[in-house]
Amino acid sequence: MFREALRREIRDAITRAMESGAIPSGEVPAFEVEVPRDRRHGDYATNAALLLAKQAGGVPREIAQRLVEFYAPPPDRIARLEVAGPGFINIAVAWPWKRDLVATICRLGDGYGLQAIGAGRRVNVEFVSANPTGPLHVGAGRNAVIGDVLANLLEALGFSISREYYMNDAGQKVHNLARSVEAHYLTMLGQPTPPPEGGYPGEYVKDLAGRLVADDGDRWLRVSEDERLDHLRDISVTAVVADIREVLERFGVRFDTWFSERALIRSGAVDRALAEIRARDYIYEADGKTWFRSTCFGDDKDRVIVKPTGEWTYFGSDIAYHLDKLARGFDLMINVWAIDHIGDVARVKGGLAALGISPEALEILIYQHVRLKNAGEYLRMSKSSGEFVALRELMDAVGVDAARYFFAMISPAVPMDFDVALALQHSQDNPVYYVQYAHARIAGILREAAAAGIGAPPAGGMEAPLPLDRLTDEREAALIHALGELPEVIRLAGLRREPHRLCAYAREVAEAFHLFYTHCRVLTDDPDLTGARLALVEATRIVLRRTLGLLGVSAPDSM
RNA sequence: GCGCCCGUAGCUCAGUGGAUAGAGCGUUGGCCUGCGGAGCCAAAGGUCGUGGGUUCAAGUCCCGCCGGGCGCGCCA
């Protein structure tokens with residue numbers, strides 16, 4: 001809020017100073033308006049003079065001094081401007097401007113922080129997309145939160161977002177699932193059958209077979225193996241997808257589109273994509289296989305795109321899939337992938353490049369694996385080992401709010417240790433409670449005010465002028481400063497694809513509030529002071545609820 | 001071997017080329033006579049893996065090395 005205005009005004013000051021010859025003219029550098037680490041330096045600081053000095057020569061502190069003279073903002077907005085250190089300009093926001101922000105937030109309500117940067121550009125965010133061969137494990141939880149929160153952020157920035165799940169429901173993996181169910185099915189009907197090579201050992205596989213026996217009895221013994229496997233695959237995938245969908249919904253994630261790879265292949269889209277790449281001469285036949293010249297796009301060797309059996313490799317359908325997304329009108333595709341797919345990034349982009357599509361149309365956000373720790377021991381997690389911990393179990397154990405907050409809290413680029421024992425034993429210590437507690441406290445104050453007949457400020461219109469000039473305390477100032485950062489946090493977290501910034505911010509706001517709360521009583525016998533502080537409390541509630549909302553974490557009125 | 005990522009407090013992690021590197025947990029010691037103590041205050045704890053380089057300024061950018069993760073499938 002403050003930052004946008006400061007950036008604009010400093011840019012104007014630079015332009016005016018250049019025009020008058022007070023500083024060397026040239027391009028306006030990409031300067032920063034940042035919060036100084038040491039808050040005694042003021043609310044904000046800019047390095048504009050340092051960059052100008054570097055660019056056009058001159059003494060940084062002198063240039064800073066000139067800028068200060070040309071800036072000359074009205075005193076009801078900036079209380080102090082001073083040149084400091086090597087040439088920073090420190091900026092202290094004046095009280096009237098801070099008080100304005102409180103009124104603005106109360107007026108905007110949940111609209112506070114919304115921006116128009118995206119200008120309606122259509123963005124497809126594809127995430128989770130786990131193979132439908134079994135229940136989601138905890139790694140999918142991290143993927144889900146990163147994707148969902150990023151989608152929320154981009155929506156707040158004015159992008160038009162579609163959330164998508166790509167189901168790899170064709171190919172060997174789902175075939176193996178069908179074989180695994182078949183083995184149990186046959187065994188249950190008196191034909192002992194060992195589990196297949198590459199099969200899935202989980203309990204859910206047996207349940208699927210059991211359900212089939214209950215529903216259809218031995219009907220599927222009396223058909224051909226192909227027919228049986230087709231049916232088993234269909235019912236298994238359907239059941240697994242339903243389970244995945246249910247878990248994700250409980251986890252607060254809803255997709256606009258569940259995209260089927262089988263349907264894509266059946267539509268002929270993959271054949272068409274291949275034909276187009278072939279027309280551009282990036283395809284050749286050798287050893288009975290069809291190859292893609294990925295070496296033309298920086299790969300270290302060419303890749304098979306059609307196997308000797310005539311089946312597509314995953315690569316063919318991947319290309320067709322991304323073409324399909326573009327055909328649906330998206331300006332940008334963002335995929336959230338686990339680190340083990342890092343090698344595929346260049347290949348898929350290469351495939352798209354072969355069709356003349358800019359690599360910038362597809363952005364792949366890589367996140368590191370989640371390691372589950374239990375009392376210091378790392379748990380092996382893979383579906384084939386059968387030893388994975390399901391997202392459902394984790395969610396049941398620590399709660400949706402804690403799980404989401406925890407997954408969101410850590411930068412995607414950093415491998416994450418999730419200590420199950422700790423989460424189970426000390427879930428009360430999870431940082432999410434600190435933030436939620438601040439919200440609950442606020443709700444308590446507003447309840448109390450209402451019960452005492454004190455009119456809390458309405459979230460919508462604030463027609464009556466508030467006695468905000470009664471806000472004078474340094475903790476009030478610090479809290480307002482924190483509230484002012486929401487738009488910038490949303491901007492950075494969204495544009496840099498760094499959802500974890502929201503958690504750091506939520507904590508900051510909660511901390512500033514708790515500090516305010518301990519030192520500044522809200523409900524007093526001074527009506528004006530009470531009114532002013534109630535407005536600040538309401539503004540804080542809006543910001544906390546908004547931030548938690550972007551994280552998909554609840555903002556409870558009581559705990 | 002090649003490619004990408006990570007290395008910051010005892011542990012888990014923040015950190016936008018900028019001023020004295022920050023949180024949480026854990027440890028130690030304080031604070032409940034009015035709105036929720038799931039809170040507040042204070043202390044201890046760091047050669048930012050390592051060696052160079054660029055810069056007025058490097059945890060941040062570049063190069064080498066060490067340690068770790070993940071890839072380098074006619075698996076998806």
Side-chain angles (χ1 to χ4, degrees), chain A residues 32-38 40-41 45 47 50-51 53-54 59-60 84-88 90 129-131 133 166 168 170-174 176 198 261 287-291 298-301 303-309 311-315 317-318 338-347 366-369 371 373 406 409-419 422 426 428-431 433-438 440-449 452 488 492 496 500-501 503-504 507-508 510-511 513-515 517-525 530 533-534 537 558-559:
Chain A
E32 302 279 347
V33 173
E34 57 191 14
V35 178
R37 265 206 286 257
D38 188 338
R40 282 171 304 187
H41 292 135
N47 62 348
L50 290 160
L51 296 179
K54 182 183 190 115
V59 181
F88 290 103
N90 291 334
S129 297
N131 291 326
T133 53
Y166 182 51
N168 290 108
Q172 196 61 40
K173 298 230 160 160
V174 287
N176 288 347
E261 181 189 13
D287 311 327
K289 310 152 202 170
T290 304
W291 297 77
D299 207 342
D300 50 1
K301 53 184 171 186
R303 303 289 162 174
V304 171
I305 194 166
V306 184
K307 302 182 217 174
T309 61
E311 285 175 297
W312 294 101
T313 62
Y314 76 94
F315 182 73
S317 47
D318 253 16
I339 182 68
D340 52 311
H341 292 86
I342 187 83
D344 300 334
V345 173
R347 225 152 295 141
I366 295 288
Y367 67 95
Q368 298 279 340
H369 283 305
R371 291 192 305 177
K373 226 174 169 181
F406 206 100
M409 193 168 54
I410 288 162
S411 160
V414 173
M416 176 178 170
D417 283 348
F418 202 120
D419 192 323
L422 192 71
H426 302 290
Q428 296 296 301
D429 290 333
N430 194 299
Y433 291 99
Y434 182 82
V435 178
Q436 289 183 317
Y437 183 59
R441 259 187 166 171
I442 288 171
I445 294 171
L446 296 177
R447 271 195 303 273
E448 193 86 9
E488 180 74 0
L492 286 177
R496 293 173 189 231
H500 63 282
R501 286 172 180 276
C503 292
R507 216 208 147 272
E508 257 174 55
E511 185 177 35
F513 173 75
H514 286 309
L515 194 55
Y517 176 88
T518 6
H519 292 95
C520 305
R521 179 158 178 96
V522 177
L523 304 176
T524 67
D525 46 17
T530 300
R533 287 186 171 163
L534 272 177
V537 165
S558 64
M559 296 173 65

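Just so it is clear, the structure is predicted and the values come from calculations on it, not from any experiment. In what follows, chains carry the letters A, B, and so on, assigned in the order in which the sequence lines appear, proteins first and then strands, with residues in each chain numbered from 1. Quick note: numbers below take in every heavy atom, side chains included, and nothing from hydrogens, waters or symmetry partners.
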Of all the choices, [options], which nucleotide is nearest to the side chain of [X] once you look at every atom?
| X | options | answer |
| --- | --- | --- |
| A/Asn131 | B/C35, B/A19, B/A76 | B/A76 |
| A/Met559 | B/G73, B/A19, B/G36 | B/G36 |
| A/Asn47 | B/C72, B/G18, B/G24 | B/G18 |
| A/Ser558 | B/C72, B/G36, B/G18 | B/G36 |
| A/Gln172 | B/A76, B/C40, B/C35 | B/A76 |
| A/Arg501 | B/G15, B/C75, B/G71 | B/G15 |
| A/Ile342 | B/C4, B/G18, B/G73 | B/C4 |
| A/Arg303 | B/G36, B/C72, B/C35 | B/C72 |
| A/Asp417 | B/G39, B/C72, B/U12 | B/U12 |
| A/Ala84 | B/C40, B/G36, B/A19 | B/A19 |

Mind listing the closest non-hydrogen atom pair of [X] and [Y] along with its distance?
| X | Y | value |
| --- | --- | --- |
| A/Asp417 | A/Phe406 | O-CE2, 4.0 Å |
| A/Leu50 | A/Pro86 | CD2-O, 3.6 Å |
| A/Val522 | A/Leu534 | CG1-CD2, 3.9 Å |

Using the [atom1] atoms only, state how far [M] lies from [N], rounded to an integer number of Å.
| N | M | atom1 | value |
| --- | --- | --- | --- |
| B/A44 | B/C6 | C1' | 29 Å |
| B/U60 | B/G53 | P | 14 Å |
| B/C2 | B/A58 | P | 31 Å |
| B/G24 | B/A9 | P | 16 Å |
| B/C56 | B/C40 | P | 44 Å |
| B/G59 | B/U47 | P | 14 Å |
| B/G18 | B/C62 | P | 15 Å |
| B/C31 | B/G68 | P | 49 Å |

Any side-chain N or O of [X] less than 4.0 Å from the OP1 or OP2 oxygen of [N]?
| X | N | answer |
| --- | --- | --- |
| A/His500 | B/G15 | yes |
| A/Arg40 | B/A19 | no |
| A/Arg507 | B/G24 | yes |
| A/Lys307 | B/C75 | yes |

Quiz item: In Å, rounded to the nearest 0.5 Å, how long is the span from OG of A/Ser411 to CZ of A/Arg496?
Solution: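 So the gap between those two atoms works out to 12.0 Å.
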If you define the side chain from C-beta out and look only at heavy atoms, does anything of [X] sit under 4.5 Å from [Y]?
| X | Y | answer |
| --- | --- | --- |
| A/Phe88 | A/Asn47 | yes |
| A/Asn168 | A/Lys173 | no |
| A/Arg441 | A/His514 | yes |

For [X], report the nucleic acid contact type (base, sugar-phosphate, nothing); a contact means any heavy atom under 4.0 Å.
| X | answer |
| --- | --- |
| A/Arg533 | nothing |
| A/Pro60 | nothing |
| A/Ala346 | nothing |
| A/Asp299 | nothing |

Quiz item: Syn or anti for B/C32, with syn set at within 90° of 0?
Solution: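 Syn conformation for B/C32.
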Quiz item: Does the B/U16 base have a donor-acceptor partner in the side chain of A/Arg37 within less than 3.5 Å?
Solution: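 Between B/U16 and A/Arg37, which were checked side chain against base, a qualifying N/O pair under 3.5 Å is absent.
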Exercise. Answer with yes or no whether A/Asp38 presents, from its side chain, a donor or acceptor under 3.5 Å of a partner atom in the base of B/A21.
Key: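 In this structure, the two groups form no donor-acceptor pair.
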Exercise. Would you mind reading off the distance between A/Phe513 atom CZ and B/C40 atom P, rounded to a whole angstrom?
Key: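 That distance rounds to 11 Å.
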Quiz prompt | A/His41 aromatic ring stacked with six-membered ring of B/A19, 5.5 Å and 30° | solution =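 Check passed, A/His41 stacks on base of B/A19.
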Quiz item: For A/Tyr434 and B/A38, are the ring centres under 5.5 Å apart with planes inclined under 30°?
Solution: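 The ring of A/Tyr434 is not stacked on B/A38.
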Exercise. For A/Arg441 and for A/Glu488, find the nucleotide of RNA chain B with the closest heavy atom, then tell me which residue's nucleotide is more 5'.
Key: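 First, find each residue's nearest nucleotide; the 5'-ward one identifies A/Glu488.
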Quiz prompt | Any strand: nucleotide that pairs with B/G26 via Watson-Crick or wobble, under 3.5 Å | solution =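 Looking at the geometry, B/G26 pairs with no nucleotide.
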